[in-house]
Amino acid sequence: MPVTLDLADIQGNVLTAYGRLGFPKGRMLLLHVANARAGRNLLDMVRPYVTTALRWPSDRRPQPPGTIYQKRPRVAVNVAFTFWGLLALGVPIRTLRGMPDEFIDGMPARADILCDNFPRAISEAWDPVWLWQDDPRRRVHVLLTLNAQMNPDGTPVDRLDELTREIEALVEATEGGVTLLSGHRGPDARWQDLSALLEAQPDGSMVPLPTEHFGFVDAIGDAVFEGQYPPDRMATAVIGQGKMLADQSWAPLATGEFLLGHPDESQEIAGNPMPLDFSRNGTFIAYRKLHQNVAAFRDSMDRMAVQFAVVMEMPQHEACETLKAKIAGRWSDGVPLMAAATYAEWQAFRDRRDAAMRAGDNATLAALDRALVDFSYRGDPLGAKCPFGSHLRRSNTRDMMDPLLNAPDPKQWNGSVLNNRRRILRRGLPYGHAEPGAATDEGDHGIVMLATCANLFRQFEFIQQQWMQYGLDFNTGNDTCPIVGNHGADAKFVIAADPASGKPPFICDRLPQFVETRGGDYFFVPSMTALRMIAAGIVDPT
């Protein structure tokens, strides 16, 4: 029986990746609460702005009669709290002690677990706004996320600045009870601005691109869980994005992997802070500001492509594109290596897509789009198509962890059961501008990622520490992820060879650091019910 969620009680950024739905601009504001009453009063005034998960009307998907929906906002607003923020707002200790240890500790205290003290300590690398340790009066308490629609010229709609000014006025009216924290690195230190990368059109207008600064199409294959979509959409949305069953079909992940108070993949409802109304329909996010060393990535790919082209006997441009695909697990436009293992196959895939677009062949286009996510690793036991240590195989292992992956009897297969409890929802947008051809990476550009899950330790931290910063699960020893892993002087990445090709394996050596953490923390995203309870000061754990 399909799960029906109370969409009006869930914040919209849990179910919705705003950037893909016409909100390519963003702004993150951080607040400190010095006075609980002032903080609750401000929260009560901000609460009506908060966007829920109720559906929006759509010309492409009309709402069935009787459906309750909300008007599509120009700016979607959501709010979340650190542990210390909940304490500062007067949430009772008896409630807070039910919070998980990692949330109570906070991200800065777990920097060693997350491998964030590399290549520099967080005291040197992180943006000043996150470095409150020497001044508790600047501790981060509240996160306000604003996701905005865009004008044709590429600027955010005016409502973003209007809403920011309204929030600033509400903060100022507290007379020091609440502070808007400054110290972000970028054009305006008062907040973190975000923007999808843009492309100019012949008429002078701008359109948002689904890519990040390294040039890869991003946000493909996000997890899908029960209740996230209406039943008529779930059948297609779940393909390649839910969990793989033993018979190779797809099903939505359990709701409790992403929302508190619901059964998870173990068919249990995890212990949550009391009262139940405080935790139910809430979740956690790991806010990560990740700086991308674009020049280092470009120069490294160009350097290694010279030797790769010679070894593999292919043109230089083909070698460079192939190297990037092997490291990422996908070609730059999102086509996975499991669907197109070679450069020639990738070009043929693109040609089929272009021909289908010219012919208006929607059926073929739908099949090609489905191929971006509908695949497994059963047909690549040696990693000859998609290397074991590639970013894609590390971040979503699909059926690769099945101990009987290569068993001849399909009845012995386990699908993705060992991966299902490690999934996260990826939200966020790029920030900054990486100048093409820049010699260094001194600018401020990268991605702000919001990793959303019900269990930060089991899901986000496990992926970050074990799968991104270690390699035993992928038969790669201590090799880290070639894109987001920490790269010492001897960092390498091995591209396995197809035995039938007669070519040797290729070792990508001396990998520089491609991604560095610039700040972040753990936040609790409450339901609308809990938000009202916090604002009214009526959280009762008894």
Side-chain angles (χ1 to χ4, degrees), residues 14 17 100-103 105-107 110-118 212 216 218-225 240-244 253-254 256-259 264-266 270 283-290 292 327-330 336 373 377 386-402 416-428 446-487 493 514-517 520-523:
V14 179
D101 291 344
E102 63 275 12
F103 174 67
D105 290 345
M107 187 180 291
R110 300 174 75 84
D112 288 337
I113 294 175
L114 299 172
C115 304
D116 280 342
N117 278 314
F118 184 93
E212 43 73 58
F216 294 102
D218 199 13
I220 300 175
D222 208 16
V224 170
F225 61 91
Q241 296 174 275
K243 60 185 176 184
M244 179 182 290
L253 289 150
E257 295 296 315
F258 307 99
L259 283 174
D264 58 25
E265 280 294 318
S266 67
T283 191
F284 297 99
I285 58 173
Y287 181 113
R288 306 278 285 172
K289 180 177 179 179
L290 303 175
Q292 294 180 266
I327 283 175
R330 293 183 185 274
V373 292
Y377 295 116
C386 183
F388 288 145
S390 65
H391 178 72
L392 182 63
R393 272 183 107 139
R394 288 173 178 266
S395 59
N396 180 3
T397 64
R398 297 176 181 259
D399 62 342
M400 189 175 72
M401 295 299 180
D402 184 349
S416 61
V417 66
L418 294 181
N419 182 51
N420 297 339
R421 308 212 73 196
R422 312 297 182 195
R423 301 296 302 279
I424 60 174
L425 302 171
R426 293 169 58 243
R427 308 289 183 244
I447 292 177
V448 168
M449 183 183 78
L450 306 180
T452 304
C453 55
N455 190 308
L456 289 165
F457 177 77
R458 173 169 50 79
Q459 294 166 273
F460 166 72
E461 288 193 343
F462 185 95
I463 295 172
Q464 171 65 18
Q465 184 194 59
Q466 294 297 314
W467 285 353
M468 295 300 158
Q469 303 294 352
Y470 207 42
L472 283 185
D473 282 345
F474 310 99
N475 296 319
T476 60
N478 286 332
D479 290 353
T480 66
C481 174
I483 293 183
V484 303
N486 290 344
H487 297 161
F493 173 70
F514 294 142
V515 175
E516 301 175 34
T517 309
D521 213 331
Y522 292 148
F523 292 87

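Just so it is clear, the values below take in all heavy atoms, side chains as well, and ignore hydrogens, waters and symmetry mates.
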Query raised in the report: Is the count of non-hydrogen atoms from other residues, nucleotides or ligands lying under 6.0 Å from F462 atom CZ greater than 12?
Result: yes
Query raised in the report: Where do L114 and R288 land on the side-chain contact (heavy atoms from CB on, under 4.5 Å) test, with the steps shown first?
Result: CA-CA 11 Å; L114 299 172; R288 306 278 285 172; 3.9 Å; yes
Which heavy atom of [X] sits nearest a heavy atom of [Y], and at what distance?
| X | Y | value |
| --- | --- | --- |
| F225 | L425 | CE2-CD1, 3.8 Å |
| T397 | M401 | OG1-CG, 3.6 Å |
| G389 | P482 | O-CD, 3.1 Å |
| G256 | A454 | O-CB, 3.3 Å |
| Y470 | N478 | CE1-OD1, 2.9 Å |

Query - Test side-chain contact (heavy atoms from CB on, under 4.5 Å) applied to R421 and D264, step by step - result: CA-CA 8 Å; R421 308 212 73 196; D264 58 25; 2.8 Å; yes
Query raised in the report: Has the side chain of S390 got a donor or acceptor atom that lies under 3.5 Å from a matching backbone atom of I327?
Result: no
Under 4.5 Å between any side-chain heavy atoms of [X] and [Y], yes or no?
| X | Y | result |
| --- | --- | --- |
| I285 | Y522 | no |
| F457 | D101 | no |
| I463 | M468 | yes |
| F523 | Y287 | yes |
| R330 | F216 | no |
| K243 | R423 | no |
| R426 | D218 | yes |

Can you sort out the partners of [X] under side chain to side chain donor-acceptor pair (under 3.5 Å), two or more places apart, ordered by chain and number?
| X | result |
| --- | --- |
| R393 | D380 |
| Q241 | none |
| S416 | N420 |

Query raised in the report: Between R458 and E257, does at least one N-O distance fall below 4.0 Å, as a salt bridge requires?
Result: yes
Requested in this report: Using a strict cut-off of less than 4.0 Å between a Lys/Arg side-chain nitrogen and an Asp/Glu carboxylate oxygen, indicate whether D479 and R394 qualify as a salt bridge.
Outcome: no
Not counting sequence neighbours, which residues clear salt bridge (Lys or Arg N to Asp or Glu O under 4.0 Å) with [X]? List them please.
| X | result |
| --- | --- |
| R110 | D105, E461 |
| R427 | D222 |
| D521 | none |

Value rounded to 0.5 Å, distance of [atom1] in [X] from [atom2] in [Y]:
| X | Y | atom1 | atom2 | value |
| --- | --- | --- | --- | --- |
| T517 | Q464 | OG1 | CD | 6.5 Å |
| M400 | N419 | CE | CG | 8.5 Å |
| M107 | D116 | CE | CG | 7.0 Å |
| F460 | F284 | CZ | CZ | 14.0 Å |
| E212 | I447 | CD | CD1 | 5.0 Å |
| Q459 | I424 | CD | CD1 | 8.5 Å |

Report task. For T480 and N486, test the side chains for any donor-to-acceptor distance below 3.5 angstrom and give the result as yes or no. Result ->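 No, no side-chain donor-acceptor contact under 3.5 Å.
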Query raised in the report: What orientation do F474 and W467 show, parallel under 30°, tilted 30 to 60°, or perpendicular over 60°?
Result: perpendicular
